[in-house]
Amino acid sequence: MTITFDHVAVRFGDLDVLRNVSLSLAEGRVGVIGNNGSGKSTFARLINGLVLPTSGRVTVEDLDTRTHGQEIRKRVGFVFQNPDAQIVMPTVAEDAAFGPRAHGFSGDEANARADAALALFNLAHLKHRAAFTLSGGEKQSLALAGVLALDPAWVVFDEPTTMLDRNRAKAAMTVIAGLSQRVIVVTHHVELLAGFERVIVLSNGGVVCDDTPERAIAYYVETLT
Amino acid sequence: MIAGVYQPGNSCFHRATPGLKLAALAIYAVALSVVEQIVLLMGLSALVLVAWQIAGLTWAQLSANLKLLIWILLALFGFQLFVAGFWRAFDTILTLAALVVAAALVSHTTRTDDMLDTLTAAFSPFARFGVKPEDAAFVLVFTVRLVPFVSIVGREAIDARRARGAGRNPVPALVPMVIRLMRETDALSEALVARGFGRT
C-alpha cells in the first residue's frame, strides 16, 4: 500500500512546478505543507493522475498514473478545496452515487453505497435536496461522502479548511482524523497536522524537509514563513 | 428553488418510463412548432400547465424555471415584435416557454439515474461509430446541473457590479461572468475526472 514518486518533475510552459521529487508514502497520516506556489496542489494532483509528470513517474500500489488513471482514482479519492467544484450532479443522492456509477457499479449498488456514505455524515434526510441549496458545511460533507462512497484506500485533501470558518475547520479535521482510510492533507494551516505521522515541506517545487510533524513544522515556521 | 432537479412524487408522470416521457416531449415539441392558429397554441400551452398540476409540482417551481429564461424571452419578443409584429412575437415566446415547461416537467419527474440508463440505451447503437453511450448520456444529463450553475454565476456577476455602484444592466457583467464560468468549468472537469468520469 505505497505511493511512490520516482524522480518526478512537472513543468507548465516555462514554469518548473515540481523538480526531481522522489519519495514513498506508506503512513496513515501524511501532511504536505508549503507556501502558495510551492507546488503542493500539483503534488496532490499527481497522486491520482489529475496531473501527469513531465518526467519521472508516480505509482500507486505499483500502478502507474499514466496508464492506470481510472483504476488509481478508484483507490485514491480526492477532496477539493471548493466543494462547489466537486459536486457534479443535481441532487444530493445522485451526487453521492456519481463516483460508484462512473466506476461501473450497478445502479442499485451505487445507490446503496451512496446511502451508506450519506448516513455517515447525517445527510440521509437531505438526499432529495438540490445539492446547490446545501450550506457550506453540508456541501463539504457531501463532497467527502461522494469520495467515501467508493471506499478508497487513500483520501487526498487539497486545502480542506481554507474556505471554512474556525468551527467548521475544526469539525472537518475531526472528520478527517476519524477516517479509516490513509489520508494525505495538503495545507498551509500547520495546526491541522497534530497527530500526523509525517510532514513534507515543499518550497519552489522541491522537497526541503521530510520529517516528523514537530520537526517539519518547526523547519517550515522558522525558514519559510 | 433549483430548476430541473428531480422532485420525488408518485404521479403518473413520476411512474412513466423516461423513454415514454422523452417521446411525448418530442411529439409535444413538434405539435407546438406546426400549430399555426394562436388559439390552438394557447390550448397546447395550457395542456402543459394541467400536466404540471397533475405531477404535483408547484407554481413556485414553474416560476423558477421560467425565470432562467426571462431575458431570452424578452429579447426574442422585442426582436419579433420589431420584424414580424405582435402575434408572431407572442407565438414565438409562448412556444418556447411551453417547451421549456414541458422539458422541466420531464426532468422534475425523472430520476437522473433512470434518465442516464434510458439515454445510454438510446445511444448504444452508435457505439459502433465510436460514440461512448455512457459518456454521451452523461453529457446530456450534466447540462441540467449546469443550468442553475450558470444562473448563479450570472446573478453574482450582476450583484458584484451593483455592489460597486453600477446599474442593473446585465450586459457589462457578461465578460466577468464568462471568465468565471471558464474557470469554474475547468474545476468541474477536473472534479469529473477525479471522481471517475472518463476512461484514461
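Letters A, B, ... are given to chains in the order of the sequence lines, protein chains preceding strands, and every chain is numbered from 1. Basis for what follows: all heavy atoms, side chains included, without hydrogens, waters or symmetry-related copies.
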Self-check item: Among B:T185, B:L116, B:D113, residue most engaged with chain A (heavy-atom pairs, under 4.5 Å)
Solution: B:D113

Quiz item: In terms of heavy-atom pairs under 4.5 Å, which option from A:R129, A:H103, A:R101 contacts chain B the most?
Solution: A:R101

Quiz item: Looking only at heavy atoms, which of residues 113-128 of chain A get nearer than 4.5 Å to chain B?
Solution: A:H128

Quiz prompt | side-chain hydrogen bond (donor to acceptor under 3.5 Å, both in side chains) involving B:T110 - partner list, sequence neighbours excluded | solution = B:K21

Exercise. Go through the steps for B:F138 and A:F98 under the test ring-ring contact (aromatic ring centres under 6.0 Å, His included), then give the verdict.
Key: CA-CA 10 Å; B:F138 178 76; A:F98 175 82; 5.2 Å; yes

Quiz prompt | Pair A:E109, A:S106: side-chain N/O donor-acceptor within cut-off below 3.5 Å | solution =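 Not at all, the side chains of A:E109 and A:S106 share no donor-acceptor pair under 3.5 Å.
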
Practice problem: Could you check whether the rings of B:F90 and B:W87 sit parallel, tilted or perpendicular, using 30° and 60° as the cut-offs? | Solution: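 Ring orientation, 0 to 90° scale: perpendicular.
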
Exercise. Under the side-chain contact (heavy atoms from CB on, under 4.5 Å) rule, collect the residues that match up with B:A84, sequence neighbours excluded.
Key: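 With neighbours one apart ignored, the set is B:Q80, B:R88.
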
Quiz item: Looking at residues at least two apart in the chain, or sitting in another chain, which of them share a side-chain contact (heavy atoms from CB on, under 4.5 Å) with A:V76?
Solution: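 Testing A:V76 for side-chain contact (heavy atoms from CB on, under 4.5 Å), a comparison that skips the adjacent residues, returns A:I47, A:N48, A:V60, A:I72, A:W154, A:V156.
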
Exercise. Go through the atoms of A:D95 and report whether side chain, backbone, both or neither lie under 4.5 Å from a heavy atom of chain B.
Key: both

Practice problem: Please test B:L22 against B:M115 for side chain to side chain contact (heavy atoms under 4.5 Å, CB included), starting from the C-alpha separation and ending with a verdict. | Solution: CA-CA 9 Å; B:L22 288 175; B:M115 187 63 87; 3.8 Å; yes

